[in-house]
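Structure first, commentary second.
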Amino acid sequence: WTNRRELQLFGHPRGLEPKEADASSTLLLYADSAEYFKAPNVAPFVKQFECYAAARGMRLVLDSKGARVRHQKIAWLDVTIVNEFFVSAREASQAEAAALRNLFDALRAGLSEQIGELKRFEILLGINYAHPLNFDKIWAMSEQLETLDPGALLIYFDVDVSIRPDVYQHSLAELLLSTPTVKGGGEPAHIFIPDTWMGTECVNSGFVALRNTPVSRLFLKLWKEKLRWGASWDQVAMAETVLEILGAEVYKFTHGAKRYDHRCIAAMLPVSSGLYTYQRYCDCWHGQVEHLVGSYRQRQSRLVGFVDPERTEVNFIPNNLFWEHQFHLEGMHLVAGEKGPVFTPFLVHWAGLVPQRRGLMEQWFAQNWNLSVDECPPAAGPSFPALPVGQLGTRARHLRCCKKLHQHRDKSRWPWREPADEMHAWVRYWGCSDWQSVRSEDCEEFLGEPIVYTG
């Protein structure tokens with residue numbers, strides 16, 4: 001209820017027109033120290049952001065202030081992977097942290113009769129999925145947003161992102177601010193995230209853009225609060241905050257006939273065995289977003305701009321889209337080869353590839369443009385052609401669908417023999433039927449031959 005009262009849908013500053021927005025926009029990168037930005041597997045990424053910002057006349061901020069909320073490690077809980085849940089003493093003294101650590105060690109040793117003592121540490125005890133340091137990017141965004149002109153745009157990226165060197169003539173700020181909102185709506189959205197389809201990672205916190213408006217400040221406030229939710233992490237917290245904003249918006253416009261009932265919160269937590277999967281939450285998220293503002297590529301929101309990845313891909317994540325890539329650019333569809341089409345996203349997010357990311361970025365630059373990642377690319381011209389605006393998106397959804405259809409081309413087996421509703425749900429999960437259905441001609445183009453079904 002508080003969110004609905006605070007949310008004002010109209011009367012916000014527009015900022016500069018999209019074609020003039022670069023001068024008032026800011027690119028933001030965050031790290032826990034200045035030294036991190038200079039690390040060998042980080043510095044080239046920072047360099048390319050500096051190149052793009054300079055070419056577009058944008059302000060680039062490297063926030064290296066580190067943690068705004070202090071966490072002292074108590075323990076890591078390894079349930080299904082190493083370093084999965086981080087137990088901490090939050091904003092605690094050394095003595096309080098030591099006492100909590102002793103209690104936690106006793107509980108892990110089987111002294112369950114001491115479990116009631118946890119109540120003493122209710123305010124201090126933190127349990128997060130992954131390290132809570134990732135939440136501190138929200139504080140960095142809040143601080144930078146306040147420095148911008150009313151309505152101006154802040155664009156946040158994780159540092160493991162590479163902007164294509166042949167897109168410098170395209171203004172990212174303009175592309176974002178031109179994202180459609182509602183039919184007949186004239187004001188740009190306030191919050192920008194990539195649109196995604198059922199069966200993929202719903203929200204990734206490695207990219208988000210915000211205009212300096214009360215709506216964006218409310219969004220950051222709600223996102224921050226979830227640091228203190230049990231087993232929360234920055235990415236799922238961001239996704240749930242998007243649902244809260246959409247739910248409040250739709251509630252107001254429908255006079256309460258439609259709302260978000262917080263049904264996805266349960267999927268933010270592990271199941272009873274301790275197993276946690278983000279996809280379980282994302283399945284709920286995609287269903288609720290469709291219920292509130294419409295389907296993939298057709299969302300209708302005044303507040304959240306869903307950036308169409310088939311027109312402008314601003315968070316292409318090979319580890320999410322093509323996890324079978326085996327650390328090869330060809331398998332990621334970023335260089336020419338025998339494994340299908342080459343995609344030309346506006347940028348690539350090398351999430352989950354920490355040891356490999358610099359080498360992959362270097363290969364991507366060298367094989368496609370014969371460029372070094374340590375230097376700024378040349379200006380677009382006859383010897384260095386610019387990528388046309390119509391090629392900034394990808395058809396990754398189509399390719400994923402075609403690969404699945406080819407893998408399951410025997411129609412005497414799963415999922416074709418399942419009940420119709422279940423079978424159609426799986427085909428949608430592969431990306432085949434969100435928005436316009438993938439055609440047999442698409443698959444023949446991508447796979448080099450038609451899919452021949454058997455059974």
Side-chain angles (χ1 to χ4, degrees), residues 80-81 194-204 263-264 267 271 273 275-291 294-299 308-311 313 316-345 352 393-455:
T80 57
I81 60 174
D195 204 354
T196 56
W197 63 91
M198 180 72 80
T200 58
E201 188 175 77
C202 50
V203 173
N204 181 279
R263 68 178 60 190
C264 296
V271 296
S273 66
L275 176 66
Y276 174 81
T277 63
Y278 188 34
Q279 196 60 54
R280 174 171 163 258
Y281 175 85
C282 282
D283 290 347
C284 181
W285 187 92
H286 276 118
Q288 287 303 294
V289 169
E290 184 167 327
H291 164 69
S295 57
Y296 171 68
R297 301 194 78 191
Q298 300 178 82
R299 319 287 192 197
D308 184 350
E310 298 183 28
R311 291 175 59 89
E313 177 58 274
F316 184 88
I317 306 174
N319 253 12
N320 173 28
L321 296 169
F322 305 110
W323 51 266
E324 73 281 12
H325 54 69
Q326 297 183 328
F327 308 108
H328 297 302
L329 291 176
E330 183 183 343
M332 300 174 185
H333 300 280
L334 293 172
V335 298
E338 299 178 357
K339 294 186 177 181
V342 178
F343 292 135
T344 57
T394 78
R395 295 164 69 196
R397 176 178 66 89
H398 301 68
L399 180 57
R400 281 169 54 98
C401 166
C402 294
K403 286 183 175 182
K404 283 293 187 180
L405 290 176
H406 184 267
Q407 178 185 352
H408 298 283
R409 59 190 180 276
D410 183 350
K411 291 206 169 184
S412 67
R413 305 179 66 180
W414 181 91
W416 311 109
R417 295 301 185 183
E418 302 300 321
D421 288 350
E422 185 174 338
M423 182 269 288
H424 288 302
W426 276 108
V427 172
R428 183 187 180 192
Y429 211 72
W430 298 341
C432 299
S433 55
D434 258 319
W435 195 60
Q436 295 180 350
S437 296
V438 175
R439 305 169 303 162
S440 60
E441 294 86 349
D442 297 319
C443 293
E444 185 172 354
E445 174 191 350
F446 284 148
L447 302 179
E449 59 184 8
I451 298 175
V452 179
Y453 294 98
T454 61

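Please read these numbers as outputs of a predicted model, since none were measured by experiment. Any value given below was found using the heavy atoms of this structure, including those in side chains, with hydrogens, waters and symmetry copies removed.
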ask   = Hey, mind stepping through H408 and R413 against side-chain contact (heavy atoms from CB on, under 4.5 Å) and telling me if it holds?
value = CA-CA 8 Å; H408 298 283; R413 305 179 66 180; over 6 Å; no
ask   = Under 30°, 30 to 60°, or over 60°: which ring-plane class applies to F327 and H325, parallel, tilted or perpendicular?
value = perpendicular
In Å and rounded to the nearest 0.5 Å, what is the [atom1] to [atom2] distance from [X] to [Y]?
X	Y	atom1	atom2	result
S437	D442	OG	CG	10.0 Å
W426	K404	CH2	NZ	8.0 Å
Y453	L405	OH	CG	4.0 Å
F446	H398	CZ	NE2	6.5 Å
N204	N320	CG	CG	7.5 Å

ask   = Taking 4.0 angstrom as the limit, do D434 and R397 come out as a salt bridge?
value = no
request  = Given side-chain contact (heavy atoms from CB on, under 4.5 Å), test W285 with T196 step by step and report yes or no.
outcome  = CA-CA 11 Å; W285 187 92; T196 56; 4.0 Å; yes
task = Decide if atom CH2 of W323 counts as having more than 12 heavy atoms of other residues, nucleotides or ligands within a radius under 6.0 Å.
result = no
key: Neighbour count >12 (heavy atoms, 6.0 Å) for atom CZ, R299   = yes
[X] (side chain) donor-acceptor with [Y] (main chain) under 3.5 angstrom:
X	Y	value
R297	D308	no
Y281	Y276	no
H333	P341	yes

Please find the pair of heavy atoms, one from [X] and one from [Y], that lie closest to each other, and give the distance.
X	Y	answer
V438	C402	CG1-SG, 3.9 Å
A396	F322	CB-CZ, 3.9 Å
Y296	W435	O-CD1, 3.7 Å
C284	R263	SG-CG, 3.9 Å

query = Do the side-chain sulfurs (SG) of C401 and C443 come closer than 2.5 Å?
reply = no
remark   = Sorted by chain and residue number, the salt bridge (Lys or Arg N to Asp or Glu O under 4.0 Å) partners of E324 (sequence neighbours excluded) come out as K403
query = With P345, which residues qualify under side-chain contact (heavy atoms from CB on, under 4.5 Å), at least two apart?
reply = R164, E313, F316, L334, F343, V348, T394
task = With sequence neighbours excluded, tell me which residues meet side-chain contact (heavy atoms from CB on, under 4.5 Å) with S295.
result = E290, Q298
request  = Dump the intermediate steps for side-chain contact (heavy atoms from CB on, under 4.5 Å) on R428 and H286, then the final yes or no.
outcome  = CA-CA 12 Å; R428 183 187 180 192; H286 276 118; over 6 Å; no
request  = Carefully, step by step, assess Q288 and C264 under the rule side-chain contact (heavy atoms from CB on, under 4.5 Å).
outcome  = CA-CA 8 Å; Q288 287 303 294; C264 296; 3.8 Å; yes
